[in-house]
Amino acid sequence: MSTHNRVSYPAFLVLGIIDAIGYGIIGPIVPAISNATGAGPAAAGALVATFGAGMVIGFYPAGYGVRRFGAATVLAVALGLSAVGAVGFLSSTSLPLFFAARFLMGL
């Protein structure tokens with residue numbers, strides 16, 4: 001196994017774990033966010049879907065980045081965006097900020 005593969009696999013594993021957490025963490029807290037922000041069912045559903053929308057929109061730039069800068073760089077950026085989004089989500093108090101943070105987590 002090459003050195004590059006030994007470094008990439010753990011990074012992909014961490015990114016996969018963060019991705020799974022991103023999908024799983026929203027479910028139990030949607031009612032609390034709805035109560036705190038006055039969001040209805042449609043807004044709550046859109047908030048959940050924003051993570052996936054961020055992923056879909058991020059696929060093209062990520063693919064370009066892998067070709068141009070390498071997988072390690074793209075993984076580092078992806079982990080950083082996910083961390084910034086998670087911190088933003090934790091510190092948000094308004095619905096637009098929740099949407100922005102969720103989008104960043106998916107991106």
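Please read these numbers as outputs of a predicted model, since none were measured by experiment. Below, all heavy atoms of this structure are taken into account, side chains as well, without hydrogens, waters or symmetry copies.
- Rounded to the nearest 0.5 Å, atoms CD1 (Ile17) and OG (Ser82) are 12.0 Å apart.
- The hydrophobic clustering, which links ILVMFWY residues whose side-chain heavy atoms are closer than 4.5 Å, places Leu79 and Val77 apart.
- Identified under the ring-ring contact (aromatic ring centres under 6.0 Å, His included) test for residues 55-86, with sequence neighbours left out: none.
- The minimum heavy-atom distance between Arg102 and Ile26, with the atom names listed, is NH2-CG2, 3.5 Å.
- Listed by chain and residue number, Thr50, Ile57, Leu107 satisfy the side-chain contact (heavy atoms from CB on, under 4.5 Å) test with Phe103 (two or more places apart in sequence, or in another chain).
- Cluster annotation: Leu104 and Met55 are assigned to distinct hydrophobic clusters (Ile/Leu/Val/Met/Phe/Trp/Tyr, side-chain heavy-atom contacts under 4.5 Å, transitive).
- Taking the side-chain contact (heavy atoms from CB on, under 4.5 Å) definition, one finds that Thr93 meets it with nothing, sequence neighbours left out.
- Cluster annotation: Phe51 and Leu81 are assigned to distinct hydrophobic clusters (Ile/Leu/Val/Met/Phe/Trp/Tyr, side-chain heavy-atom contacts under 4.5 Å, transitive).
- Of all heavy-atom pairs between Ala101 and Gly88, the closest is CB-C, 3.7 Å.
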Notebook entry, point to check: Please walk me through it: do Ile33 and Leu47 pass side-chain contact (heavy atoms from CB on, under 4.5 Å)?
Noted result: CA-CA 10 Å; Ile33 291 172; Leu47 182 62; 4.0 Å; yes
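- For the side-chain contact (heavy atoms from CB on, under 4.5 Å) test, no residue two or more places apart in sequence or in another chain qualifies with Val87.
- For the pair Val74 and Ala62, the tightest heavy-atom approach, listed with the atom from each and the gap, is CG2-O, 3.9 Å.
- With sequence neighbours left out, Ala43 forms a side-chain contact (heavy atoms from CB on, under 4.5 Å) with Ala39, Leu95.
- In this view, Phe89 and Phe98 satisfy the ring pair (Phe, Tyr, Trp, His ring centres under 6.0 Å) rule, not counting sequence neighbours.
- A chain of hydrophobic side-chain contacts below 4.5 Å, direct or via other Ile, Leu, Val, Met, Phe, Trp or Tyr residues, connects Phe99 to Ile29.
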